[in-house]
Amino acid sequence: MEVLPQRDSGQGPIPEHVAIIMDGNGRWATKRSLQRLRGHEQGAEAVREAVRGCGDLGIRYLTLFAFSSENWSRPIEEINHLMGLFRFFFRKEINALSDAGVKVKFIGDIKRLPDDIQSLVAEIKERTQHNSKLILTIALSYGSQSEIAGAMRIIGEKIKKGELSAEDISEEMITRHLDTADLPDPDLLIRTSGEKRLSNFLLWQCAYTEFVFLDTLWPDFRKEDLMAAVAEYGNRNRRYGAL
Ligand code: IPE
Ligand code: IPE
Ligand code: MG
């Protein structure tokens, strides 16, 4: 894994990897007496803003929580609408992302998605694989506990085949078997909407991540919110348990 030195923005270091739990679409709509679906539609604009903002600030990795394993238990109409939005967003943005030098990756149980979205996911990954300005990882049908269980199954199979022994299991080995194997751990995790929980996002990877919780609802998220979170990160003292 490539580790870059952290640059200083004049207001403290810039995080190398920012992860965002994009929450509050439904409440944004309900506050305006609109259907929840309208909130998800507005959220797409905030995604563009976050991607542009990270590019402008020189952040190398952005990871966005778009749909969780648990979100499959929402009403089917909302799931279908979200799938429609992913379809629309991926088709519409593939050229812009590719031209902007963004490499797009996906984590999560992609096989649970409709076939055409799986094809789009494959196409975007292919089209952007040689880019490196910003590594954008989209967590779709993602749950951290399921990701860790999957890694354990693979390690278990390797032990059964004699390729590994139980003594080989280390933190590094587990990290290498996760969906995020080729990403550094997030430096900064932002959650919008005022909720203060991880909701099964990157549990292993956030061992030493700094958390910033914003009251902003995701559809209202703008570059200024990103900058505020990055500035707060810049003032944190990361100690990693040492003195
Ligand atoms: C986040 O917004 C988007 C997804 C989880 C897909 P929500 O839909 O959770 O919005 P709230 O939390 O109900 O306001
Ligand atoms: C987390 O938000 C998942 C995404 C933002 C994609 P949720 O709205 O699903 O989380 P809970 O239910 O409030 O914990
Ligand atoms: Mg929510």
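Excluded from the calculations below are hydrogen atoms, water molecules and symmetry mates; all remaining heavy atoms, backbone and side chain alike, are included. In each ligand, atom 1 is the first atom listed, and ligand 1 is the first ligand listed.
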Task: Rounded distance [0.5 Å steps], CH2 in Trp204 versus CD1 in Ile148 - done: 7.0 Å

TODO: Mark whether atom 12 (O) of ligand 2 lies under 4.0 angstrom from at least one protein heavy atom.
DONE: no

Open item on the list: Can you confirm, on distance only, whether ligand 2 has an N/O atom lying under 3.5 Å from any N/O atom belonging to Ser68?
Closed with: no

- [ ] Can you pull out the closest protein heavy atom to atom 10 (O) of ligand 1? Residue, atom name and distance to 0.1 Å, please.
- [x] Gly26 N, 2.9 Å

Task: atom 14 (O) of ligand 2 [closest protein heavy-atom partner, distance rounded to 0.1 Å] - done: Ser199 OG, 2.6 Å

Task: Enclosure of Gln145 CD (heavy-atom neighbours >12, cutoff 6.0 Å) - done: no

- [ ] Just jot down the ligand 1 atoms closer than 4.0 angstrom to any heavy atom of Arg74, in number order.
- [x] 5 (C), 7 (P), 8 (O), 9 (O)

Task: Residue and atom name of the nearest protein heavy atom (relative to atom 2 (O) of ligand 1), distance in Å to one decimal - done: Asn25 N, 3.2 Å

TODO: Examine Asp23 and say whether one of its N/O/S atoms is closer to the Mg ion (ligand 3) than 2.8 Å.
DONE: yes

Task: Atom indices of ligand 1 within 4.0 angstrom of His40 heavy atoms, with elements - done: 3 (C), 8 (O)

Open item on the list: Would Asn71 and Glu78 count as a side-chain contact (heavy atoms from CB on, under 4.5 Å) here? Give the steps.
Closed with: CA-CA 10 Å; Asn71 290 150; Glu78 179 158 343; over 6 Å; no

Task: Identity and distance of the protein heavy atom lying nearest atom 6 (C) of ligand 1 - done: Ala66 O, 3.4 Å

Open item on the list: Using 0.5 Å steps for rounding, measure from the CZ atom of Arg27 to the CG atom of Leu217.
Closed with: 6.5 Å

TODO: Specify the protein heavy atom at minimum distance from atom 1 (C) of ligand 1: its residue, its atom name, and the distance to 0.1 Å.
DONE: Met22 O, 3.1 Å

Open item on the list: I'd like to check which ligand 1 atoms, numbered from 1 as shown, lie under 4.0 Å from a non-hydrogen atom of Asn71.
Closed with: 5 (C), 6 (C)

Open item on the list: How long is the straight-line distance from CD1 of Ile154 back to CD1 of Ile174, given to the nearest 0.5 Å?
Closed with: 12.5 Å

Open item on the list: Looking at ligand 1, would Ser193 count as a contact under a 4.0 Å heavy-atom criterion?
Closed with: no

TODO: Could you tell me whether the side chain of Phe90 reaches within less than 4.5 Å of the side chain of Val104, counting heavy atoms only?
DONE: no

- [ ] Within a distance under 4.0 Å of any heavy atom of Phe67, pick out the atoms of ligand 2 and give their elements.
- [x] 6 (C)

Task: Approximate separation, where rounding is to 0.5 Å, of Leu198 CG and Phe211 CZ - done: 4.5 Å

- [ ] Enumerate the atoms of ligand 2 whose separation from the nearest heavy atom of Arg197 is less than 4.0 angstrom.
- [x] 11 (P), 13 (O), 14 (O)

- [ ] For Arg27, take its heavy atoms, then give the atoms of ligand 1 lying under 4.0 Å from any of them.
- [x] 11 (P), 12 (O), 14 (O)

TODO: Locate the shortest heavy-atom distance separating Val102 from Thr128; write the atom from each residue and the value.
DONE: O-CB, 3.2 Å

TODO: Give a yes or no on whether the backbone of Glu210 and the side-chain of Arg238 come within a donor-acceptor separation of less than 3.5 Å.
DONE: no

Task: Nitrogen or oxygen atoms of Trp28 and ligand 1 under 3.5 Å apart - done: no

TODO: Evaluate the side-chain proximity of Arg32 to Gln42: yes if any heavy-atom separation is below 4.5 Å, no if none is.
DONE: no

Task: Glu195 N/O under 3.5 Å from ligand 2 N/O - done: no

Open item on the list: Would you say that Arg36 contacts His81 through its side chain, given a criterion of any heavy-atom pair below 4.5 Å between the two side chains?
Closed with: no

TODO: Look at ligand 2 and say whether Arg191 reaches it with a heavy atom at a distance under 4.0 Å.
DONE: yes

